[in-house]
2 protein chains.
Amino acid sequence: MSNNQFKKGELYSFITGKASTAIARRLQKKFNAAGLNITIEQWSVLYHLWKQEGISQQELCNATFRDKPSITRLVDNLEKLNLVKRVASESDRRINLIYLTKQAQKLQEETMQLAEETLNEALELVPVERVDICKEVLQVVYDNLK
Amino acid sequence: MSNNQFKKGELYSFITGKASTAIARRLQKKFNAAGLNITIEQWSVLYHLWKQEGISQQELCNATFRDKPSITRLVDNLEKLNLVKRVASESDRRINLIYLTKQAQKLQEETMQLAEETLNEALELVPVERVDICKEVLQVVYDNLK
DNA sequence: TTTGAATAGTTGCACAAACAACTATATGTC
DNA sequence: GACATATAGTTGTTTGTGCAACTATTCAAA
């Protein structure tokens with residue numbers, strides 16, 4: 001049993017993701033304090049659209065690691081907030097291509113700044129090489145299970 | 001800026017906790033496949049009660065990193081499933097002490113086994129010393145932000 | 001060309017989380 | 001003892017998640 005390194009007292013945090021929960025809460029508070037009326041989950045969709053817009057909901061599912069109903073509803077809410085638009089694909093009428101509005105484009109810089117600030121607070125006093133190892137381990141975990 | 005190690009392409013997973021999401025989903029599937037009719041969130045409450053029962057809802061809030069309404073409803077649902085009982089404290093009538101039923105006691109061994117199995121799958125091929133560093137980093141993150 | 005399978009997206013349901021507002025009880029101070 | 005304050009827990013509302021079932025469209029094989 002090569003990886004039986006979890007004594008009972010230790011496995012809880014790994015499974016429940018207390019660290020990422022803490023990060024997300026902190027970032028949400030920063031959004032609220034800045035008067036930005038979006039949730040972390042909505043932001044996570046915008047995050048991928050800022051990298052490339054005009055992608056399908058299915059591609060957003062893959063990018064955000066969410067199922068189709070979750071994306072349907074996140075896009076619904078982003079549309080209500082006037083941050084994205086669904087545009088039916090010309091070539092395949094099953095597909096919605098998702099585009100950003102001008103309002104959403106304006107959010108990018110400020111929210112990314114708050115995200116970096118949050119991570120800097122989270123990782124204060126942690127040496128870079130240890131952060132790198134942590135990121136790599138989490139990536140392997142994701143690849144092992146996805 | 002000692003910890004500005006997050007380029008844009010990297011911060012997403014840290015904030016959204018893709019790894020812990022993947023772990024929780026895998027464990028939930030194992031619970032379902034074993035015919036165990038509980039959610040990961042309910043299990044996380046039982047987890048702390050197995051360590052010590054007869055604690056208050058407020059203590060469960062602290063232990064699970066959840067707010068009071070969340071615990072109220074988790075305990076509601078655990079009570080409906082006949083897994084816990086609320087018992088009014090003798091000394092302070094504001095407090096509910098939460099006790100496990102016999103049914104819940106029976107769940108401990110099997111679910112803990114499935115949790116360890118899940119973590120072993122998650123961490124396959126990851127050297128123990130890297131897992132240790134990862135856990136320590138996540139603990140610091142939690143302590144920095146909680 | 002028809003039919004059956006695959007794919008994209010939506011809807012309904014149960015469960016959970018975050019926040020605000022609320023009730024009930026306890027405590028500390030005058 | 002009375003009153004202000006703090007603490008424990010509950011309820012309502014909005015948002016998000018996971019699953020199953022559904023519609024619409026596309027594609028591939030007979």
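In what follows, chains carry the letters A, B, and so on, assigned in the order in which the sequence lines appear, proteins first and then strands, with residues in each chain numbered from 1.
Under 4.0 angstrom from either OP1 or OP2 of C:dT7 there lies no side-chain N or O belonging to A:Q57. Taking 4.0 angstrom as the limit, A:R66 places none of its side-chain polar atoms (N or O) nearer than this to OP1 or OP2 of D:dG18.
A donor-acceptor contact shorter than 3.5 Å is absent between the side chain of A:R130 and the backbone of B:V137. Remark: side-chain polar atoms of B:Q103 are not paired, donor with acceptor, to backbone N or O of B:V84 under 3.5 angstrom.
Separating the CG atom of B:L60 from the P atom of C:dA17 is a distance of 13 Å, rounded to the nearest angstrom. Rounded to whole Å, the distance from CG on A:D67 to P on C:dT7 is 17 Å. Atom CD1 of A:I55 is separated from atom C1' of C:dA8 by 14 Å (rounded to the nearest Å).
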- Message: Between A:R73 and A:D76, does the salt bridge (charged side-chain N to carboxylate O under 4.0 Å, His left out) criterion hold? Intermediate values first, please.
- Response: CA-CA 5 Å; A:R73 275 138 185 161; A:D76 285 349; 5.7 Å; no
- Verify salt bridge (charged side-chain N to carboxylate O under 4.0 Å, His left out) between A:K85 and A:E79, making sure each step is shown before the conclusion. CA-CA 6 Å; A:K85 266 185 310 186; A:E79 225 173 16; over 6 Å; no
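Considering CG of A:L49 and CG of A:L78, their distance stands at 8.0 Å, rounded to 0.5 Å.
The stretch residues 71-99 of chain B touches DNA chain D through B:T72, B:R73, B:R86, B:R94, B:I95, B:N96, each having a heavy atom within less than 4.0 Å of the strand. Listed by residue number, the members of residues 15-41 of chain B with any heavy atom below 4.0 angstrom from DNA chain C are B:T39, B:E41.
At a cut-off of 3.5 Å, with distance as the only test, a side-chain donor of B:D67 or B:S70 sits close to an acceptor on the other residue.
For the pair B:F65 and A:K68, nearest-nucleotide mapping onto DNA chain C gives the more 5' position to A:K68.
Qualifying salt bridge (charged side-chain N to carboxylate O under 4.0 Å, His left out) partners for B:R66, counting only residues two or more places apart in sequence or in other chains: none.
Note: B:W43 and A:Y12 have parallel aromatic rings, judged against thresholds of 30 and 60 degrees for the angle between ring planes.
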